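The structure presented is a predicted model; accordingly, all values stated were derived computationally and were not measured. Because only heavy atoms are used, hydrogens play no part in the values below, and waters and symmetry mates are left out as well, while side chains stay in.
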Amino acid sequence: MQFDRLRLIHRDESARPHSDAFREIRTRLLDLANGDNFVTLLAAVSPRSGSSFVARNLAAAFAFDVAKTSLLIDCNLRYPAQHKALDVEPISGGLIEFLDSPGRGIPSMIYPTGIPRLRLIPAGTARENGGEYFSSAPMRAALKSLRGRYLDRYIFLDGPAIGGSPDARILSDLADFVVVVAGYGRDTPKAISQAVANFAPGKVAGVVFNHAP
C-alpha cells in the first residue's frame, strides 16, 4: 500500500514523528479506558480542520498493534470521504444503506482497507441531516454488536464538524470518548472552547491540533 499517497502513518523511519504523535493519542485513550475496548468520536471544531485525517491515522495506529483491531466508521454523512481516502469501493453500500434497511445486516458494509486489522464502514449515500440516523435504534444496536463481538476491536467514528450542526453532539452519546480536532492556525481558542463545551466533560479525551486538511 502507498501510505504516503494515502496520507497514512507507517513504520518507516521517514514517518516516525507522525507515527509517534498518533501513538501518544493511542496511549492516552488506552489509559483512560482501563483495559476495556471503546468507541471514540473524532469531531472537528470547524470544516476542513482535518478530523477525517486524524480519525484515519488514529485507527491505523491501533491496527499497527497486533493485539488489536480497529474499525473506522465514516459518520460524516454530508461530506463522506474515508472510502476515497482509503481507496475503498463501497459496492455493497455503507452506513446509510444499513440504517435504511437494517435487515441487510452490518457485516456486508464492512470493507477491508489493505491495512491489516483495519476495516472501514463507509458512509454510503450522502445525506444532509444525520441526526435522525445517529439517534436511531439500529445505529445503537449496530455499535453495541460491533463492539461486543470482538473484545480487541476499537471503533472510531469520523464525525461531522461541531459548529453549525447537532450531529456531532448526538454521535457523542454513542461514544465513550471524544477527541476534538482543531485546525492549527485556523480555529481560535474561543471557538475551541465552545466546541469542547458541546460534550460531557467526562468524555472529552483531549484536543488535537492538526496541520493537515
Side-chain angles (χ1 to χ4, degrees), residues 1 5-8 39-60 63 69-115 117-150 153-175 178-181 195 198 212-213:
M1 173 172 284
R5 178 178 64 82
L6 298 178
R7 300 169 68 223
L8 282 167
V39 178
T40 302
L41 167 66
L42 293 103
V45 173
S46 60
R48 297 181 297 279
S49 292
S51 61
S52 292
F53 169 83
V54 174
R56 188 163 60 250
N57 280 283
L58 183 57
T69 64
S70 58
L71 176 64
L72 176 61
I73 306 178
D74 192 342
C75 297
N76 194 338
L77 302 188
R78 185 175 296 180
Y79 303 111
Q82 293 292 3
H83 65 290
K84 294 179 181 178
L86 291 167
D87 278 349
V88 170
E89 183 63 36
I91 55 175
S92 299
L95 180 63
I96 282 297
E97 282 70 33
F98 165 74
L99 294 175
D100 279 338
S101 302
R104 299 176 61 175
I106 198 69
S108 65
M109 311 300 173
I110 301 176
Y111 297 82
T113 63
I115 300 172
R117 298 177 296 281
L118 172 59
R119 298 290 185 267
L120 170 70
I121 297 179
T125 306
R127 291 286 192 275
E128 283 297 311
N129 183 10
E132 62 188 74
Y133 288 99
F134 299 145
S135 59
S136 67
M139 180 73 177
R140 291 181 179 276
L143 275 180
K144 182 177 181 181
S145 173
L146 289 166
R147 177 181 178 175
R149 188 173 301 171
Y150 302 104
R153 173 181 278 169
Y154 297 81
I155 300 174
F156 301 90
L157 309 179
D158 176 18
I162 299 164
S165 169
D167 291 357
R169 180 180 54 77
I170 294 170
L171 276 169
S172 72
D173 290 339
L174 306 175
V178 177
V179 174
V180 175
V181 180
N198 280 271

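Taking all atoms of both residues into account, the shortest heavy-atom contact from Gly93 to Pro122 is O-CG, 3.9 Å. Smallest separation of non-hydrogen atoms from Ala44 and Ser49: CB-CB, 3.8 Å. The minimum heavy-atom distance between Asp158 and Ala55, with the atom names listed, is CB-CB, 4.0 Å. The minimum heavy-atom distance linking Ala161 with Ser46 is given by the pair CB-C, 3.8 Å. Contact record, Pro138 with Phe98: O-CE2, 3.9 Å, taken as the closest heavy-atom pair. Looking at every heavy atom in both residues, Ala43 comes nearest to Ser51 through C-CB, 4.0 Å.
How far CG of Leu120 is from CE of Met109: 12.5 Å, rounded to the nearest 0.5 Å. The OH atom of Tyr133 sits 9.5 Å away from atom CG of Leu95, with the distance rounded to the nearest 0.5 Å. Atoms CG and OG, on Leu99 and Ser136 in that order, are 5.0 Å from each other to the nearest 0.5 Å. Note: Ser70 OG to Leu58 CG = 8.5 Å, rounded to the nearest 0.5 Å. Atoms OG and CD, from Ser92 and Glu97 in turn, are 10.0 Å apart once rounded to the nearest 0.5 Å. Taken from CG in Leu41 to CD1 in Ile170, the straight-line distance is 11.5 Å, to the nearest 0.5 Å.
Tyr154 places no side-chain N or O within 3.5 Å of a backbone atom of Thr40 that could act as its donor or acceptor partner. Remark: the backbone N or O of Leu146 is paired with a side-chain donor or acceptor of Arg153 at under 3.5 angstrom. With Ser135 contributing its side chain and Gly131 its backbone, the two residues share a donor-acceptor pair below 3.5 Å.
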Original post:
Between Arg119 and Thr69, is a side chain to side chain contact (heavy atoms under 4.5 Å, CB included) present by the stated rule, with each step listed?
Top reply: CA-CA 8 Å; Arg119 298 290 185 267; Thr69 64; over 6 Å; no
Original post:
Do Gln82 and Asn76 pass the side chain to side chain contact (heavy atoms under 4.5 Å, CB included) test, and can you show the C-alpha distance, the side-chain angles, and the key distance before you say yes or no?
Top reply: CA-CA 9 Å; Gln82 293 292 3; Asn76 194 338; over 6 Å; no
Original post:
Would Leu72 and Thr113 satisfy side chain to side chain contact (heavy atoms under 4.5 Å, CB included), going step by step from the backbone distance to the final call?
Top reply: CA-CA 10 Å; Leu72 176 61; Thr113 63; over 6 Å; no
**OP:** Just do the side chain to side chain contact (heavy atoms under 4.5 Å, CB included) check on Leu171 and Met139 with the steps written out, would you?
**Re:** CA-CA 10 Å; Leu171 276 169; Met139 180 73 177; 4.2 Å; yes
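Using a 4.5 Å heavy-atom cutoff, the side chains of Arg149 and Pro107 are in contact. Side-chain contact between Val39 and Leu174 is absent, with no heavy atoms from C-beta onward closer than 4.5 Å. Contact of the Leu77 side chain with the Phe134 side chain is registered, since non-hydrogen atoms from C-beta on lie closer than 4.5 Å.
Residues Ser52 and Arg56 have side chains that never bring a donor and an acceptor to within less than 3.5 angstrom of each other.
The pair Asp167-Arg127 does not meet the salt-bridge criterion, since no charged nitrogen lies less than 4.0 angstrom from a carboxylate oxygen.
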